[in-house]
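No hydrogens, no waters, no symmetry mates; every other heavy atom, side chains included, goes into these values.
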Amino acid sequence: MKPAITVYCASSATLDPIYHQAAAALGREIVAAGAGLVCGGGRTGLMGEVANAVLAAGGHATGVIPEFMERRGWHHTGMSELRVVDGMHSRKALMLELASGVVALPGGIGTFEELFEAITWKQLGLFDGNIAIYNVDGYYDPMISMLETAVERGFMRPDHRRLYKIVSTAREAVEYALASPEETVFSPKF
């Protein structure tokens, strides 16, 4: 089966062009690596941009969208495959189920929530793919600092840094997402 990269990202249409350029570059790199895209199925923002780049390069783009969003017309009508699910929890579960690896582009609350759920699943051994945080223009610097503070103050173990990798290019994001995952199954210590 062809590998697929799940991409979490913003659906906002009012973003600086640097983020759109990064999303388009990521889409092209996904196709160049012989992988498919799995995304939230939206038509706007970075979500639409990465899907459009994959499709323009002849790649396969799978969108996973909740039924209420499809009814509102928020879905990308050009997807290779659109999977309509019953809600947000089903969406996130299916996006990880279909993923060989994950890349998080910049985004807002929804992206943060999806990214942290993927990291948590990896920590618990429920997801074994690699997770790349694509730090476009330093966007994720405050979050990286927060994660380091959590390690320094004992809220996260130092080995939890291996649950994700911070990357700075689209190529690095795709290469890491598709690399053989480390044998990192974490068990919580209480």
Side-chain angles (χ1 to χ4, degrees), residues 1-11 19 22-55 57 59-66 69 74-76 78-85 87-136 139-140 143 163-167 169-182 184:
M1 189 168 140
K2 185 177 185 175
I5 296 177
T6 288
V7 175
Y8 303 133
C9 57
S11 61
Y19 301 114
L26 181 63
R28 290 188 298 271
E29 289 291 342
I30 288 170
V31 175
L37 167 70
V38 176
C39 68
R43 59 181 164 76
T44 60
L46 304 186
M47 199 179 305
E49 192 77 50
V50 71
N52 289 338
V54 165
L55 295 166
H60 189 273
T62 300
V64 182
I65 195 161
M69 289 183 176
W74 296 353
H75 61 290
H76 190 302
M79 287 285 179
S80 309
E81 179 181 3
L82 186 67
R83 297 204 187 182
V84 180
V85 295
M88 297 297 283
H89 295 295
S90 299
R91 177 196 216 183
K92 292 183 297 175
L94 183 56
M95 288 175 73
L96 277 178
E97 182 183 319
L98 297 172
S100 304
V102 168
V103 175
L105 278 163
I109 294 169
T111 302
F112 300 152
E113 193 250 351
E114 291 167 328
L115 172 60
F116 280 110
E117 184 159 327
I119 292 170
T120 301
W121 281 31
K122 183 164 177 123
Q123 178 203 7
L124 297 173
L126 301 173
F127 175 69
D128 64 358
N130 291 326
I131 300 168
I133 300 172
Y134 186 3
N135 193 22
V136 178
Y139 178 80
Y140 279 113
M143 185 188 77
L163 295 170
Y164 53 85
K165 182 177 181 181
I166 310 303
V167 300
T169 69
R171 178 166 292 161
E172 188 182 8
V174 169
E175 287 174 354
Y176 183 71
L178 294 176
S180 295
E182 294 180 336
T184 53

When rounded to the nearest 0.5 angstrom, what distance separates NE2 in His75 from CG in Leu82? 6.0 Å
Is it the case that the side chain of Tyr8 and the backbone of Gly40 share a donor-acceptor pair, with hydrogens and angles ignored and the cut-off at 3.5 Å? no
What distance separates Leu55 CG from Met79 CE, expressed to the nearest 0.5 Å? 6.5 Å
Start with the C-alpha gap between Arg83 and Met95, add the side-chain angles, then the distance that decides, and say whether side-chain contact (heavy atoms from CB on, under 4.5 Å) holds. CA-CA 10 Å; Arg83 297 204 187 182; Met95 288 175 73; over 6 Å; no
Check the pair Leu96 / Val38 against side-chain contact (heavy atoms from CB on, under 4.5 Å), numbers first and verdict last. CA-CA 9 Å; Leu96 277 178; Val38 176; over 6 Å; no
Keeping Thr111 on the side-chain end and Cys9 on the backbone end, is there a donor-acceptor pair under 3.5 Å? yes
Donor-acceptor contact below 3.5 Å, side chain Ser80 vs main chain His60: no
Salt bridge check, Glu114 against Lys92: does any charged N sit closer than 4.0 Å to a carboxylate O? no
Please check this pair: side chain of Ser11 against backbone of Gly45, looking for a donor-acceptor N/O pair closer than 3.5 Å. no
Would the distance check show the side chain of Tyr164 and the main-chain N or O of Ile133 forming a donor-acceptor pair, the cut-off being under 3.5 Å? no
Within the 4.5 Å heavy-atom criterion, are Tyr140 and Tyr134 side-chain neighbours or not? no
For Met143 and Leu115, which heavy atoms make the closest approach, and how far apart are they? CE-CD2, 3.8 Å
Audit row: Leu37, Val7, side-chain contact (heavy atoms from CB on, under 4.5 Å) steps and yes/no: CA-CA 7 Å; Leu37 167 70; Val7 175; 3.5 Å; yes
Please check: side-chain N/O of Ser100 versus main-chain N/O of Ala4, any donor-acceptor pairing under 3.5 Å? yes
Derivation and outcome, side-chain contact (heavy atoms from CB on, under 4.5 Å), residues Thr120 and Leu126: CA-CA 8 Å; Thr120 301; Leu126 301 173; over 6 Å; no
Taking Asn135 for its side chain and Ile166 for its backbone only, find out whether a donor-acceptor pair lies under 3.5 Å. no
Passing candidate, side-chain contact (heavy atoms from CB on, under 4.5 Å) with Leu26, options Val103, Thr169, Val136, Ile5: Val103
Polar side-chain atom of Asn130 near backbone of Gly101 as donor-acceptor pair, under 3.5 Å: no
Minimum heavy-atom separation for Ala23 to Val50, with atom names? O-CG2, 3.5 Å
